Structure formats: C-alpha cells, structure tokens
A.B. asks: 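Quick one: the structure is below, and I'll ask about it shortly.
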Amino acid sequence: SNPAGLIILMPITNVSAWDISFDRSDLILNDYSQIYHWKRNTNITIDSKVRTEPNQLPYLIEQPGEGLCWSVNGKSYYTISELENASKQYLIRYDKK
C-alpha cells in the first residue's frame, strides 16, 4: 500500500526537488538538468496538473542540483547544489518572468 495515498507516474526521471508556491498557483520541479514549471488553475488538482506538459524555466546546471524553492511572494525561485567538501555553496535566485 502507498502511505501517501497517491502515486503519480510522470515522464520525468531523477527528480531531486520540487516546491509549490505559497498561493498554490505554481509548481516547480527539477531533475538535475532542467526546471519544469506548471501554472496551476486552483480548480485543477496538483496530480492532474503534473500530468500535463510543463514549461521549462531558466536554470544554470549545478552538480548536483538538489535544492529548489519559491520565494515567499512567488516572484522568484532559488536553487542550490549539494557539494561534498566544497568550500563554497551558491544560492542562485531566478526571477520569474
């Protein structure tokens, strides 16, 4: 049995992170090489929306890109890599257009 109660089969593999905007209108997901974006009509469930074709958002590929989140106001999103023994980590902000 599935403890979450829902399994969604998506055509995207190696998903490393995802986030839903505070107002629940935007969903983003990354797979180490791209960021996928769905603009959601609140009358459509999230599991229904992710079965549709996503848009791609700008992304500078990080090795490995592990973190992804929306800003509180939903006008930007952030990424961060997960580097072992790295002296510098970069939090990168992208403005949503």
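Computation of the quantities below employed the complete heavy-atom set of this structure, encompassing side-chain atoms and omitting hydrogens, waters and symmetry-equivalent molecules. The model shown is predicted, which means the values in this text are computed figures rather than measured ones.
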A.B. asks: Restricting to non-hydrogen atoms, name the atom on Asn73 and the atom on Ser76 that form the minimum distance, rounded to 0.1 Å.
C.D. replies: OD1-N, 4.2 Å

A.B. asks: Please give me the minimum heavy-atom distance between Tyr77 and Leu68, naming the atom from each residue.
C.D. replies: CD1-CD1, 4.3 Å

A.B. asks: For the atom pair CH2 (Trp38) and CH2 (Trp18), what is the distance rounded to the nearest 0.5 Å?
C.D. replies: 11.0 Å

A.B. asks: Is atom NZ of Lys39 surrounded by more than 12 heavy atoms (other residues, nucleotides or ligands) closer than 6.0 Å?
C.D. replies: yes

A.B. asks: Can you name the side-chain contact (heavy atoms from CB on, under 4.5 Å) partners of Tyr78, sequence neighbours left out?
C.D. replies: Cys69, Ser71, Leu91, Arg93

A.B. asks: Hey, does the side chain of Ser21 reach the backbone of Asp26 with a donor-acceptor pair shorter than 3.5 angstrom?
C.D. replies: yes

A.B. asks: Would Trp70 and Lys75 count as a side-chain contact (heavy atoms from CB on, under 4.5 Å) if you check the C-alpha gap in whole Å, the side-chain angles of each, and the deciding distance to 0.1 Å?
C.D. replies: CA-CA 8 Å; Trp70 284 110; Lys75 294 183 180 186; over 6 Å; no

A.B. asks: Using the test side-chain hydrogen bond (donor to acceptor under 3.5 Å, both in side chains), find all partners of Gln34 that sit at least two apart in sequence or belong to another chain.
C.D. replies: Tyr36, Gln56

A.B. asks: Rounded to the nearest 0.5 Å, what separation is found between the CG atom of Asn30 and the OG1 atom of Thr79?
C.D. replies: 8.0 Å

A.B. asks: Quick one: NE2 on His37 to NZ on Lys96, what's the gap to the nearest 0.5 Å?
C.D. replies: 5.0 Å

A.B. asks: Can you classify the ring geometry of Tyr59 versus Tyr94 as parallel (below 30°), tilted (30 to 60°) or perpendicular (above 60°)?
C.D. replies: tilted

A.B. asks: Could you tell me if the side chain of Leu57 sits less than 4.5 Å from the side chain of Ile28, heavy atoms only?
C.D. replies: yes

A.B. asks: Stepwise, does the side-chain contact (heavy atoms from CB on, under 4.5 Å) test hold for Asp19 with Leu29?
C.D. replies: CA-CA 7 Å; Asp19 195 23; Leu29 177 145; over 6 Å; no

